[in-house]
Structures are given as structure tokens and as C-alpha cells.
Amino acid sequence: MVPTASARTATRASARTAARIVTRIPARAAVRLAAAGLSLTLGLGVVGPATAAAPSGPSAYRVTGVDTSHHNHADGKGGETARIDWRKVAASQSFAFLKATQNTRTKDGWFARDWRRVSATSLARAPYHFFDPRGASDGLAQAEHFLRTVRAAGYTGKRAGELPPVLDVEKVPGPKRKGGKREEVCPRNLRSGQLGAFLRRVEKEFGVKPIVYTRASFVKDCMRNDGRVFAGYPLWLARYAGNATTTPKEPAAVPGAGAKWTFWQHTEHGKVAGVRTAVDKDVFSGTAARLRKMAHR
């Protein structure tokens with residue numbers, strides 16, 4: 001409908017009046033209105049509730065979890081003797097990933113005990129392998145080491161509560177520098193073909209596609225920006241905040257993988273009842289019902 005000339009004149013007059021009203025509101029009053037969650041609707045002179053901003057960051061996701069290794073058993077005395085109280089963890093979290101193995105020989109010293117205890121809780125859970133190639137063709141050997149270790153602990157990939165197994169692909173500690181610090185570097189012998197060999201062997205063993213943990217920056221720096229080997233696998237991606245006062249942004253897409261993240265590791269400095277140390281915290285992109293289905297429940 002086309003407005004009449006008189007209507008247009010009245011509208012312009014109302015707009016001028018509203019503008020004069022707004023300009024007369026002191027800045028301090030405007031701040032107080034904003035702090036109270038109120039806003040002024042221009043042209044109508046109505047004060048009402050301000051529109052709430054959409055949630056962002058990890059807090060937008062309700063299904064949360066942790067991932068742990070022997071480091072989370074630090075006792076504050078230089079040792080790793082502190083237990084994790086998995087029942088307390090289960091009271092506030094929905095899932096947990098536990099480190100089982102690394103390279104072709106290393107086993108996490110707490111994995112078997114933690115796996116037994118976490119399996120007695122409501123937590124959905126999965127073991128993970130830290131991919132640490134010592135040669136250009138040991139992907140299959142790493143897979144066999146992982147399979148032997150998790151099978152011995154009782155993981156089948158099919159029991160109620162068991163999530164798919166995980167392959168962790170990230171930078172590794174480099175040589176010690178002055179002061180004893182180690183810089184993280186790309187694995188020297190990393191080959192996409194060996195990652196594929198690991199994933200196929202583990203999938204064949206358990207009949208389910210493994211989850212892949214990595215981050216977009218790793219694929220860019222260490223895999224020539226080509227993550228096609230991860231295509232078709234659920235992704236668990238890491239991305240942290242730039243500092244303690246900012247909210248972390250969702251993980252960037254992995255080039256070539258062709259999928260959004262399923263799990264997001266958003267901090268390594270989390271606090272969770274039952275774990276004495278700082279702990280990695282994660283969120284799941286879906287609902288609690290979807291996680292239960294993924295964990296055979």
C-alpha cells in the first residue's frame with residue numbers, strides 16, 4: 001500500500017521528534033538502560049527488553065567431556081601417582097577420551113587402570129593413539145600396537161558406552177633448546193599414506209570409522225594443506241582462545257577433509273571435579289541422544 005502525503009508528513013515529523021528525544025538522553029542513562037537489558041525503540045518511544053545475543057563459543061554446546069593421559073595424574077611432587085576420581089568426573093561430564101599408546105612401543109602408564117575405572121561410570125569413552133612415526137612406513141605397526149593395548153584393557157568398540165577409537169595427529173616435541181624448553185615440530189617422518197594405513201587397519205578391526213584428532217593449522221603446516229586422508233572420518237578438532245580473557249572460536253575446517261567437527265577441544269587449562277591437574281576440555285556438536293547412539297546406548 002502506498003502512503004498518502006499526509007501520512008508521509010506525519011512519519012517524518014515522528015522521526016524528527018524521536019531523534020530529538022534520543023539526543024536528549026544523557027550518555028550515563030543510556031549506559032544504565034543497556035546494563036539493565038533495556039532498549040529504546042526509535043520512533044515509537046517504547047522502552048523494552050533488549051534482544052539477547054546468540055550464544056557463541058564452547059558454552060553454546062551442552063554435551064561436554066575431557067581427555068586425559070598420564071600427565072593428569074601428576075601428584076605435585078614430581079611423580080604421577082594421583083588418581084582421577086572418575087565418578088566425580090562423570091557427575092559433570094558426558095564423555096572421556098583416554099590416551100592408550102604412542103609410536104610403536106609406548107603405552108600410557110595409567111591407561112589400563114583408568115579404562116577399568118571409567119568403564120564403571122556413565123561416561124561414554126574411547127581410547128586414543130598418539131601418532132608418532134619413527135620411520136616413514138610404520139603406520140601399520142603403530143596400529144597393531146594400539147590394537148593389542150586396547151584389546152588387552154577390554155575395549156571392543158561395540159560395548160555399551162564405547163565410542164569409536166581415536167587417532168591423534170598433531171605436532172611432537174622437538175629437540176631441547178636453551179633453558180630446557182622444547183618447541184613443538186611437525187613429525188619428521190609423517191606420511192599421509194601411513195595415516196591411511198593406520199585408519200584402515202583400526203576400522204577393519206572394530207568395524208567402525210575411527211575419530212581423527214587434529215587441527216587445521218597442523219594440516220597446513222605439516223601436511224601441505226592437504227587433509228584428504230581424513231575425509232569420511234569424524235573429526236575431533238582443537239582450537240583454543242588467544243588468551244584467558246577471550247572466547248575461543250570454533251575450529252577452522254580441515255582442508256580436504258570435507259566435514260565439520262564432531263568434537264571440539266577448546267582448552268588445555270580446564271578444571272573438572274575429580275581431576276587434580278588442569279585438564280583438556282571438549283564439547284560434542286550434537287545432542288546427548290546422538291552421543292548415546294554413537295556410544296552404542
Side-chain angles (χ1 to χ4, degrees), residues 58 61-73 82-102 107-130 143 145-168 198-199 201-213 232-238 259 261-266 270-277 279-297:
Y61 299 92
R62 301 179 63 85
V63 184
T64 63
V66 299
D67 58 276
T68 66
S69 71
H70 61 95
H71 295 297
N72 298 107
H73 291 272
R83 289 189 178 187
I84 293 175
D85 188 331
W86 286 106
R87 293 190 183 279
K88 285 186 178 180
V89 175
S92 65
Q93 306 297 310
S94 297
F95 62 89
F97 295 116
L98 282 63
K99 182 179 180 181
T101 51
Q102 182 171 340
K107 297 180 183 179
D108 188 281
W110 275 93
F111 171 67
R113 285 170 286 179
D114 277 342
W115 187 258
R116 183 173 63 253
R117 290 166 183 155
V118 77
S119 296
T121 73
S122 60
L123 288 163
R125 58 216 172 258
Y128 74 85
H129 173 79
F130 187 98
H145 172 49
F146 175 65
L147 295 175
R148 286 192 300 270
T149 302
V150 300
R151 284 287 196 191
Y155 176 78
T156 69
K158 296 180 176 65
R159 286 197 179 101
E162 293 183 344
L163 292 165
V166 181
L167 173 61
D168 176 356
F198 182 102
L199 291 167
R201 177 66 185 94
V202 173
E203 181 177 356
K204 181 179 179 181
E205 179 74 14
F206 295 120
V208 62
K209 284 189 175 296
I211 297 166
V212 173
Y213 170 94
Y233 294 95
L235 298 178
W236 171 20
L237 301 183
W261 60 271
T262 300
F263 295 91
W264 171 16
Q265 184 189 78
H266 58 86
K271 295 295 182 183
V272 171
V275 186
R276 291 180 57 177
T277 65
V279 65
D280 297 341
K281 293 189 70 176
D282 311 273
V283 294
F284 178 60
S285 64
T287 62
R290 183 181 162 205
L291 182 72
R292 287 193 295 270
K293 183 177 180 180
M294 198 173 187
H296 307 287
R297 285 176 169 162

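Atom set for the values below is all heavy atoms of this structure, side chains included, hydrogens, waters and symmetry mates excluded. This chain uses plain numbering: 1 for the first residue, then up along the sequence.
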Open item on the list: Do Phe111 and Thr101 make a side-chain contact, defined as non-hydrogen atoms from C-beta onward lying under 4.5 Å apart?
Closed with: no
Open item on the list: Any side-chain to backbone donor/acceptor pair from His129 onto Leu147? Under 3.5 Å, distance only.
Closed with: no
TODO: Check Ala100 against Thr149 and note the closest heavy-atom contact, atom names and distance.
DONE: O-CG2, 4.2 Å
Task: Residue pair Trp86, Arg116: steps toward the side-chain contact (heavy atoms from CB on, under 4.5 Å) verdict - done: CA-CA 10 Å; Trp86 286 106; Arg116 183 173 63 253; over 6 Å; no
- [ ] Grab the two heavy atoms, one from Phe130 and one from Asp168, that are nearest each other, plus how far apart they are.
- [x] CD1-OD2, 3.4 Å
Task: Check: Arg201 main-chain N/O paired with Glu205 side-chain donor or acceptor under 3.5 Å - done: no
Task: From Thr287 atom OG1 to Arg292 atom CZ, the distance as rounded to the nearest 0.5 Å - done: 7.5 Å
- [ ] Take atom CZ of Arg290 as the centre, draw a 6.0 Å sphere, and report whether it contains more than 12 heavy atoms from other residues, nucleotides or ligands.
- [x] yes
Task: Point-to-point distance, once rounded to the nearest 0.5 Å, from CG of Asp108 to NE2 of His73 - done: 7.0 Å
Open item on the list: If you compare all heavy atoms of Ser122 against all heavy atoms of Arg297, which two are closest, and at what distance to 0.1 Å?
Closed with: O-NH1, 2.7 Å
Open item on the list: With a 6.0 Å cut-off (strictly less than), is the heavy-atom count around NZ of Lys204, excluding the residue itself, greater than 12?
Closed with: no
Task: Contact check, side chains of Asn72 and Ile84, non-hydrogen atoms, under 4.5 Å - done: yes
TODO: Decide side-chain contact (heavy atoms from CB on, under 4.5 Å) for Val89 and Leu123; before the verdict, give the C-alpha distance in whole Å, the side-chain angles of both, and the deciding distance to 0.1 Å.
DONE: CA-CA 8 Å; Val89 175; Leu123 288 163; 4.0 Å; yes
Open item on the list: Are the side chains of Arg125 and Tyr155 in contact, using a 4.5 Å heavy-atom criterion?
Closed with: no
Task: From NZ (Lys99) to CH2 (Trp110), nearest 0.5 Å - done: 15.5 Å
Open item on the list: Do Ser94 and Phe284 have side chains that approach each other closer than 4.5 Å (heavy atoms only, starting at C-beta)?
Closed with: no
Open item on the list: Before we go on, tell me: are the rings of Phe97 and Tyr213 under 6.0 Å apart, centre to centre?
Closed with: no
Task: Interatomic distance, His145 atom NE2 to Gln102 atom CD [nearest 0.5 angstrom] - done: 8.5 Å
- [ ] Please assess Tyr128 against Ile211 for the test side-chain contact (heavy atoms from CB on, under 4.5 Å), listing each intermediate value before the final yes or no.
- [x] CA-CA 9 Å; Tyr128 74 85; Ile211 297 166; over 6 Å; no
- [ ] Kindly say whether Thr156 contributes a backbone atom to a donor-acceptor pair with the side chain of Glu162 at under 3.5 angstrom?
- [x] yes
Open item on the list: Nearest 0.5 Å, please: how far is CG in Leu163 from CZ in Phe95?
Closed with: 8.0 Å
- [ ] Evaluate the side-chain proximity of Lys281 to Thr64: yes if any heavy-atom separation is below 4.5 Å, no if none is.
- [x] no
- [ ] Can you see which heavy atom on Gly65 is nearest to which on Gln93, and at what distance?
- [x] N-OE1, 3.2 Å
- [ ] Answer with yes or no after comparing the ring centroid distance for Trp261 and Tyr61 against a 6.0 Å cut-off, counting only values under it.
- [x] yes
TODO: State, yes or no, whether a side-chain contact exists between Leu98 and Val118 at a heavy-atom distance under 4.5 Å.
DONE: yes
- [ ] Indicate yes or no: at least one non-hydrogen side-chain atom of Val283 is less than 4.5 angstrom from one of Phe263.
- [x] no
Task: Residue pair Pro164 / Ala126: nearest heavy atoms and the distance that separates them - done: O-CB, 3.2 Å
- [ ] Would you check if Trp264 and Ser285 make a side-chain contact, meaning some heavy-atom pair closer than 4.5 Å?
- [x] no
Open item on the list: Once salt bridge (Lys or Arg N to Asp or Glu O under 4.0 Å) is applied, do any residues pair with Arg117, and if so which ones, sequence neighbours excluded?
Closed with: none
Open item on the list: Does Lys209 have more than 12 heavy atoms from other residues, nucleotides or ligands lying within 6.0 Å of its NZ?
Closed with: yes
Task: More than 12 heavy atoms from other groups under 6.0 Å of CZ on Arg113 - done: yes
TODO: Keeping the roles fixed (side chain from Arg159, backbone from Gly154), state whether a donor-acceptor pair exists under 3.5 Å.
DONE: yes
TODO: Search all heavy atoms of Ala259 against all heavy atoms of Leu235 and return the closest pair with its distance.
DONE: O-CD1, 3.6 Å
- [ ] Measure the spacing between OG of Ser92 and NZ of Lys271 and express it to the nearest 0.5 Å.
- [x] 13.5 Å
